Amino acid sequence: MTLSNIIVRFFLLFSLKGIVSAQLSSTFYGKTCPNALSTIKSEIVSAVNKEPRMGASLLRLHFHDCFVQGCDASVLLDDTSSFTGEKSAGPNANSTRGFDVIDTIKSKVESSCPGVVSCADILAVAARDSVVALGGASWSVPLGRRDSTTASLSSANSDLPGPSSSLSSLISSFSNKGFTAKEMVALSGSHTIGQARCTTFRTRIYNDTNIDSSFATSLQANCPSTGGDSTLSPLDTTSQNTFDNAYFKNLQSKKGLLHSDQELFNGGSTDSQVNAYSSNPASFKTDFANAMIKMGNLSPLTGSSGQIRTNCRKTN
């Protein structure tokens with residue numbers, strides 16, 4: 001076999017595994033839409049200033065996009081009479097939000113650079129800018145993703161980890177996407193911002209034993225054993241609008257809001273990583289940024305695959 005054949009086979013193998021992301025580049029829009037990044041940033045800053053929770057919602061939207069079919073903006077597609085999207089999936093229904101912010105950004109970018117900037121890239125940049133707007137570290141976002149013409153309700157239901165997940169289930173869900181347990185813990189630190197609905201933590205505050213009793217009691221006041229499903233509580237009880245390492249300190253105090261949060265610090269294999277991030281905020285911010293870049297590289301559509309949607313909610 002010639003060297004060129006070996007190289008071609010090697011490239012095909014890795015392409016099939018969906019991990020070739022060499023086509024992505026942080027300067028992808030440098031010439032075709034030079035104002036794209038500044039436009040996205042200004043809209044994110046405005047949206048987060050108006051409602052700090054929106055930063056967490058947009059970060060989550062990127063995560064829920066990337067874990068289903070890769071980072072292809074499939075999560076943004078609306079259901080139609082002939083098309084089923086991912087918005088009605090269990091992990092998304094009544095909880096994913098921020099679609100209007102993405103729509104606003106898309107329309108502004110389209111007006112200056114029609115048909116150039118993908119919805120998938122907008123999601124990736126919006127996630128980064130949201131973290132920065134709430135005090136977190138920045139990172140360079142590789143760009144050049146294209147948008148899917150398909151979505152997968154079944155994958156959204158099966159591939160996204162849930163609030164009642166066990167540690168082994170969390171490790172498995174992230175491992176299936178190529179992440180180590182350490183990277184899973186780092187990405188879980190995104191729960192230093194945002195809020196969750198009563199229905200996602202009710203079982204924990206009434207049934208779990210690895211929870212601070214006064215913390216559980218305070219939550220029960222706003223989350224009754226029946227009813228009040230949509231009542232919100234902060235995922236990080238100490239600094240819900242600041243991207244810091246308080247989430248990990250809360251876990252050490254048995255004040256994780258979700259069962260899946262506290263699983264990271266419950267006598268298991270990830271306790272040491274929680275301790276490390278709790279005592280070293282700089283290492284958390286670095287590891288989080290690197291894990292976000294890795295997540296943004298999950299099976300992107302590039303080249304002539306997919307399309308650049310004009311409207312993020314529907315295919316062209």
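A quick note: this is a predicted structure, and the numbers were derived from the prediction, not measured. Just so you know, residue 1 is the first one in the sequence shown, and it goes up from there.
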Asker: Is the closest side-chain donor-acceptor distance between Ser278 and Gln252 under 3.5 Å?
Answerer: yes
Asker: Answer yes or no: is there a donor N or O on one side and an acceptor on the other, between the side chain of Thr192 and the main chain of Thr242, under 3.5 Å?
Answerer: yes
Asker: Would the distance check show the side chain of Glu110 and the main-chain N or O of Gly115 forming a donor-acceptor pair, the cut-off being under 3.5 Å?
Answerer: yes
Asker: For residues 52-72, which side-chain N or O atoms pair as donor and acceptor with protein atoms under 3.5 Å away, sequence neighbours left out?
Answerer:
unit_1, atom_1, unit_2, atom_2, d
Ser57, OG, Arg53, O, 3.3
Ser57, OG, Arg97, NH1, 2.9
Arg60, NH1, Ser95, O, 3.4
Arg60, NH1, Ser95, OG, 3.2
Arg60, NH2, Pro91, O, 3.0
Arg60, NH2, Ser95, OG, 3.4
His64, ND1, Asn92, OD1, 2.6
Asp65, OD1, Asp72, N, 3.4
Asp65, OD1, Ala73, N, 2.9
Asp65, OD1, Ser74, N, 3.2
Asp65, OD2, Asp72, N, 3.3
Asp65, OD2, Ala73, N, 2.9
Gln69, OE1, Thr150, OG1, 3.4
Gln69, NE2, Asp72, OD2, 2.9
Gln69, NE2, Thr150, O, 3.3
Gln69, NE2, Thr150, OG1, 3.4
Asp72, OD1, Ser74, N, 3.0
Asp72, OD1, Ser74, OG, 2.9

Asker: Would you check if the side chain of Thr286 reaches a backbone N or O of Ser283 as a donor-acceptor pair within less than 3.5 Å?
Answerer: no
Asker: So, does Gln273 use its side chain to make a donor-acceptor pair with the main chain of Thr270 at under 3.5 Å?
Answerer: no
Asker: Among the clusters formed by ILVMFWY side chains lying less than 4.5 Å apart, do Leu187 and Leu134 turn up in the same one?
Answerer: yes
Asker: Can you tell me how far NZ of Lys106 sits from CG of Leu123, rounded to the nearest 0.5 angstrom?
Answerer: 10.5 Å
Asker: Under a 4.0 Å threshold between the charged nitrogen and the carboxylate oxygen, would Asp147 count as salt-bridged to Lys314?
Answerer: no
Asker: Can Thr80 and Asp78 be counted as having a side-chain donor-acceptor contact under 3.5 angstrom?
Answerer: no
Asker: With sequence neighbours excluded, tell me which residues meet salt bridge (Lys or Arg N to Asp or Glu O under 4.0 Å) with Lys254.
Answerer: none
Asker: Scan side-chain atoms only and decide if Arg309 and Ser148 contain a donor-acceptor pair under the 3.5 Å cut-off.
Answerer: yes
Asker: Looking at residues at least two apart in the chain, or sitting in another chain, which of them share a ring pair (Phe, Tyr, Trp, His ring centres under 6.0 Å) with Phe201?
Answerer: none
Asker: If you measure only the distance, is there a donor-acceptor pair under 3.5 Å linking the side chains of Arg145 and Asn297?
Answerer: no
Asker: Considering non-hydrogen atoms only, spot the tightest contact between Leu251 and Leu264 and give its length.
Answerer: CD1-CB, 4.0 Å
Asker: Taking Asp79 first and then Lys87, would you say they form a salt bridge - that is, a charged N and a carboxylate O separated by under 4.0 Å?
Answerer: no
Asker: For the ring pair Tyr247 and Phe284, is the centre-to-centre distance below 6.0 Å?
Answerer: no
Asker: Give me the one residue out of Thr237, Asn241, Asp236 that meets side-chain hydrogen bond (donor to acceptor under 3.5 Å, both in side chains) with Ser239.
Answerer: Asp236
Asker: May I ask you to check whether over 12 heavy atoms, not counting those of Asp212, lie within 6.0 Å of atom CG?
Answerer: yes
Asker: Decide, yes or no, whether a salt bridge links Asp129 with Lys41 under the criterion of side-chain N to carboxylate O below 4.0 Å.
Answerer: no
Asker: Is there a path of hydrophobic side-chain contacts, each under 4.5 Å between heavy atoms of I, L, V, M, F, W or Y residues, that connects Leu77 with Ile308?
Answerer: no
